[in-house]
Protein chains: 2
Amino acid sequence: MGISERKERERQEMINLILDEAMKLFIEEGYENVTMRKIADRIEYSPTTIYLYFKDKTEIFSELLNIAFDKFYEAQMSVQYIEDAKEKLLAHGIAYVKFAVSNPNYYDLMFIMKDPTANMKCPDDWKTSTRTYDLLKKNIQECIENGYLEEVDIEVAAFTMWSHVHGIASIMIKRGFMIPEAFREYLIYNSIQYGFKGLFIK
Amino acid sequence: MGISERKERERQEMINLILDEAMKLFIEEGYENVTMRKIADRIEYSPTTIYLYFKDKTEIFSELLNIAFDKFYEAQMSVQYIEDAKEKLLAHGIAYVKFAVSNPNYYDLMFIMKDPTANMKCPDDWKTSTRTYDLLKKNIQECIENGYLEEVDIEVAAFTMWSHVHGIASIMIKRGFMIPEAFREYLIYNSIQYGFKGLFIK
DNA sequence: TGACAAACTTAACGATGTTAAGTATATTTG
DNA sequence: CAAATATACTTAACATCGTTAAGTTTGTCA
């Protein structure tokens, strides 16, 4: 009997409908503009219907978070084809910041916002997030092997590069107005260049 | 007649009382736990009384922001006595992050939170914030003069160091749970060391 | 002492997330 | 095929939030 399959399918469609509209609201207007009632308006159901598919608002955002991390990972992967380890590492950093500034709400959700995942058991749920960090470490390792970087604690090196690009990203997203618009791109590019290059020995 | 003076004094005391309690609530429990009603409870007045002294909630936070920037500036100044320009620059960076992690709510307010100053006219009100950035640039200038740094666009150098320490600070504050507790201090110190040192030529 | 202004409170509005109780629809069972 | 039941959804309500309007108390000055 395909009847329970159909029901499961319909349920999944409803879940996706909710997530899609929540995501649109979120991307367009940011976290504080995603309200249960606004989502309900968009999907043309009553607000309480949402609670039949999600425990609460944070569960919706946990799902959006996973989607965001996937896109984030893809953005980083788009640069992994580069042969030269040094060039790749630089491109990696630039891709990181580029993703952040062109998807500010995703980035906010992933790394800045009061963690909507406070209720999540970390080890499993953050798998998608460590994936990109592992990629960075791999690239650093490659640089060491090719003599571009001296042999250092790879954790320190990775954290240093991460904190640098994260710093750029979050300044641009949260306090970008402090920097003249025309100056921002220049600053992003040259800062990554300047900061990373200092670490290279060749 | 000292009567209007007394009234003005009493008014100022009320303003300070409100700010003090708001600040305590804010430091202890963060932004979202500061509500007009909770402040009212603490000062033992009705919620609406607060509106006789502050236009709205954001005006209270604008005041807290100024106080925070002052403390921040002081924290940076506490390291300016150091003679050697290179040592001073490193200490500056460490002092920055130290302030941030030991005053996470201040730091959040200053550089991370959805700007509570959106209604403020930037040029004047951000004076207190550019003050510390000018200090950083001065220290960098000194390093150049002493041959510690090559002659670079000072704006790029300052932004690079800022984004690095800001990155460290905001990771620790917002996603510190991703890093083992025992590892954090090590990472902070060594990352600043590693990142900054790379920029020096001597 | 009475007029008036300042300080403060009570009550309410519209928004939020969320829950409890009720209704309509679809499926299963006799 | 009709009655029983489970599923999907809605209405109404609660407590909380920032904020406003209207009313009350208090203190100052003529």
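Here the structure is a predicted model, which is why all the values come from computation and not from measurement. Proteins get letters first, then strands, A, B, ... in listed order; numbering begins at 1 in each. Reckoned from all heavy atoms, side chains included, excluding hydrogens, waters and symmetry mates.
- Qualifying side chain to side chain contact (heavy atoms under 4.5 Å, CB included) partners for B:Q193, counting only residues two or more places apart in sequence or in other chains: B:L90, B:Y189, B:K197.
- Rounded to 10°, the helix from C:dT1-D:dA30 to C:dG30-D:dC1 has 30° between the axis fitted to its first five pairs and the one fitted to its last five.
- Using a 4.0 Å cut-off between a side-chain N of Lys or Arg and a carboxylate O of Asp or Glu, B:E28 and B:R42 qualify as a salt bridge.
- Rounding to whole angstrom units, NZ of residue A:K55 and C1' of C:dG17 are separated by 12 Å.
- Atom NZ of A:K57 and atom P of C:dT18 are 8 Å apart (whole Å).
- Judged as a side chain to side chain contact (heavy atoms under 4.5 Å, CB included), and not counting sequence neighbours, the contacts of A:D84 are A:K86, A:E87, A:Y148.
- Taking A:K138 as the reference, nothing meets the salt bridge (Lys or Arg N to Asp or Glu O under 4.0 Å) condition, with sequence neighbours excluded.
- Evaluation of the ring-ring contact (aromatic ring centres under 6.0 Å, His included) rule for A:F200 yields no partner, not counting sequence neighbours.
- If you measure from atom CD of A:E32 to atom P of D:dG18, you get 15 Å, rounded to the nearest angstrom.
- Atom CD of B:E29 and atom C1' of D:dT16 are 15 Å apart (whole Å).
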Identify each donor-acceptor pair in which a side-chain atom of residues 43-52 of chain A lies under 3.5 Å from a protein atom, sequence neighbours left out, and give them as a table.
unit_1	atom_1	unit_2	atom_2	d
A:S46	OG	A:T48	OG1	3.1
A:S46	OG	A:T49	OG1	3.4
A:T49	OG1	A:S46	O	3.4

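- Scored by the salt bridge (Lys or Arg N to Asp or Glu O under 4.0 Å) test, B:E150 finds no partners at all (sequence neighbours excluded).
- Between the NZ atom of B:K38 and the P atom of D:dC17 there is a distance of 7 Å, given to the nearest Å.
- B:Y51 has its OH atom 7 Å from the P atom of D:dT20, to the nearest Å.
- Of the residues in residues 15-28 of chain B, none has a non-hydrogen atom less than 4.0 angstrom from any atom of DNA chain C.
- Residues B:L199 and B:M161 meet the side-chain proximity criterion, which asks for heavy atoms closer than 4.5 Å.
- Residue pairs meeting the salt bridge (Lys or Arg N to Asp or Glu O under 4.0 Å) criterion with at least one member in residues 156-165 of chain B: none, sequence neighbours excluded.
- Note: CE (A:M36) to P (C:dT16) measures 12 Å, nearest angstrom.
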Output a table of donor-acceptor pairs, distance under 3.5 Å, between side-chain atoms of residues 94-109 of chain B and any protein atom two or more places apart or on a different chain; print 'none' if there are none.
unit_1	atom_1	unit_2	atom_2	d
B:Y96	OH	B:Y107	OH	2.6
B:Y96	OH	B:W162	NE1	2.9
B:S102	OG	B:K98	O	2.5
B:N103	ND2	B:F99	O	3.0
B:N105	ND2	B:F26	O	3.0
B:N105	ND2	B:I27	O	2.6
B:Y107	OH	B:H166	ND1	2.6
B:D108	OD1	B:M113	N	3.4
B:D108	OD2	B:K174	NZ	3.2

Can you build the contact string for nucleotides 6-15 of chain D? Use B for base contact, S for sugar-phosphate-only contact, and - for no protein heavy atom under 4.0 Å. -S-BBBBB--
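- Counting only residues at least two apart or on different chains, no salt bridge (Lys or Arg N to Asp or Glu O under 4.0 Å) pair has a member in residues 182-193 of chain A.
- Rounded to a whole Å, the CD atom of A:E10 is 16 Å from the P atom of C:dT25.
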